[in-house]
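Residue numbers start at 1 and run along the sequence shown. Computed over heavy atoms, backbone and side chain alike; hydrogens, waters and symmetry mates excluded.
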Amino acid sequence: MGSHVRGHPGVLVSFEGLERVGKSTQINLLAEWLRELLVPTMVLREPGDTDLGEALRRTLLHDVGIKSPRAELLLFAAARAELVLTHVRPALDAGVVVILDRFIDSSVAYQGYGRGVALEVVESINRIATEGLRPDLTFWLDGQSFSRASIPDQIELRDAAYFSKVRAGYRDLSAQDPSRWRVIDAHQSPDVIHHVIQDIMQPWITRLQGG
């Protein structure tokens, strides 16, 4: 179930992908299913779910046009550091399944591949922000955005060339670590995708339940 070292009794699951490919739908379906199975589950989003994270979310997505790619990277990392310390680590230590709507790989794809920050810089900042924490399992919903919000945020307003670079980043990341990544065609129906995710999650659930 992955080659990286696990240092917690819980399971850290991240969802990645372009905007509006159905991540939120699949996260909600997965969380609902896990809770029906009486598996302790926590759902979190990046940036957000802390006072600092929500303030930085407004700054990054709506309030300020950030010119510097490195400034953007550091603001996302600050929100991530706060979330890991206050919610993610304690939940994992308590044996909870933590489902994250975006995590470290978003920075690699969006600020690294998309905005040109050197990948070694992105990876170093991620390590500092998370103290080396990595997902146990990452679902990449691979597809183009299906719709645009009525009021798009500042990232959604970027051009097609940018998102092509981001998608290429996800493709490279998934190829480099196939033991962690599960690539799912986002153009399938939500029910089909959910059943695929259930099948992938089942061994992890069995382990958590002592099977």
Side-chain angles (χ1 to χ4, degrees), residues 1-2 4 6-62 72-111 122 125-141 149 153 155-156 166 170 173 180-182 184 186 190 193-194 197-198 200-201 204-205 208:
M1 294 183 187
H4 59 290
R6 288 170 50 76
H8 49 259
V11 181
L12 180 56
V13 180
S14 62
F15 278 75
E16 297 287 351
L18 299 183
E19 277 62 27
R20 304 190 177 279
V21 294
K23 293 192 311 302
S24 296
T25 296
Q26 293 305 322
I27 287 169
N28 291 335
L29 288 171
L30 175 58
E32 181 180 354
W33 179 60
L34 291 173
R35 288 164 180 154
E36 288 174 355
L37 296 175
L38 303 182
V39 176
T41 302
M42 176 180 288
V43 174
L44 300 166
R45 69 175 182 174
E46 279 208 344
D49 283 319
T50 66
D51 290 343
L52 176 62
E54 292 297 333
L56 289 175
R57 185 181 187 88
R58 292 189 296 273
T59 297
L60 283 158
L61 300 184
H62 301 290
E72 183 175 282
L73 169 67
L74 290 167
L75 290 172
F76 275 110
R80 181 169 299 138
E82 186 81 350
L83 188 68
V84 167
L85 176 69
T86 59
H87 293 323
V88 179
R89 285 274 188 195
L92 292 174
D93 290 342
V96 173
V97 175
V98 178
I99 305 172
L100 280 173
D101 186 346
R102 302 195 178 283
F103 195 44
I104 55 174
D105 301 295
S106 281
S107 286
V108 179
Y110 279 75
Q111 284 79 55
V122 180
I125 294 298
N126 272 335
R127 281 195 300 272
I128 292 168
T130 68
E131 297 183 327
L133 181 65
R134 298 173 64 81
D136 298 303
L137 183 62
T138 296
F139 292 106
W140 172 30
L141 299 187
D153 64 42
I155 291 179
E156 290 176 322
V166 172
Y170 280 132
L173 287 167
R180 171 164 71 90
W181 286 75
R182 300 295 183 271
I184 298 175
I193 294 173
H194 177 51
I197 291 172
Q198 283 180 317
I200 294 168
M201 284 295 303
W204 294 92
I205 297 166
L208 280 172

Minimum-distance pair of heavy atoms, taken over all atoms of [X] and [Y]:
X	Y	result
P135	D105	CG-OD2, 4.3 Å
V43	A31	CG2-CB, 3.6 Å
S24	D101	OG-OD2, 3.8 Å
A77	A129	O-CB, 3.5 Å
V84	P90	O-CD, 3.8 Å
G95	L208	O-CD2, 4.0 Å

Determine whether a donor-acceptor pair (N or O, by modelled atom type, separation under 3.5 Å) exists between the side chain of [X] and the backbone of [Y].
X	Y	result
E156	D153	yes
D136	L12	yes
E54	D49	yes

Quiz item: Should V88 and T130 be marked as a side chain to side chain contact (heavy atoms under 4.5 Å, CB included) after you check the CA-CA gap, both sets of side-chain angles, and the distance that decides it?
Solution: CA-CA 10 Å; V88 179; T130 68; over 6 Å; no
Measure the shortest side-chain to side-chain distance between [X] and [Y] over non-hydrogen atoms and say whether it is less than 4.5 angstrom.
X	Y	answer
I104	F76	no
F103	T138	no
I193	T25	no
M201	V39	no

Quiz prompt | Atom CD of Q198 with >12 non-hydrogen neighbours under 6.0 angstrom | solution =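 Counting neighbours around CD of Q198, more than 12 heavy atoms of other residues, nucleotides or ligands fall under 6.0 Å, so yes.
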Self-check item: Name of the residue among F15, F139, W140 meeting ring-ring contact (aromatic ring centres under 6.0 Å, His included) with Y170
Solution: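 Considering F15, F139, W140, a ring-ring contact (aromatic ring centres under 6.0 Å, His included) with Y170 is found only for W140.
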Once you round to the nearest 0.5 Å, how far does [atom1] of [X] lie from [atom2] of [Y]?
X	Y	atom1	atom2	result
L44	I27	CG	CD1	10.0 Å
L18	I155	CG	CD1	11.5 Å
R134	R180	CZ	CZ	4.5 Å
L56	L83	CG	CG	11.5 Å
L100	E16	CG	CD	9.0 Å
L34	I99	CG	CD1	5.5 Å

Quiz item: Which class fits the ring pair H194 and W33: parallel under 30°, tilted 30 to 60°, perpendicular over 60°?
Solution: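 Plane angle over 60°, so perpendicular.
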Exercise. Let me know which of R57, R80, R102 forms a salt bridge (Lys or Arg N to Asp or Glu O under 4.0 Å) with E46.
Key: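 Of the listed options, the one satisfying the test is R80.
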Quiz prompt | Verdict with supporting geometry, I125 and Q111, side chain to side chain contact (heavy atoms under 4.5 Å, CB included) | solution = CA-CA 11 Å; I125 294 298; Q111 284 79 55; over 6 Å; no
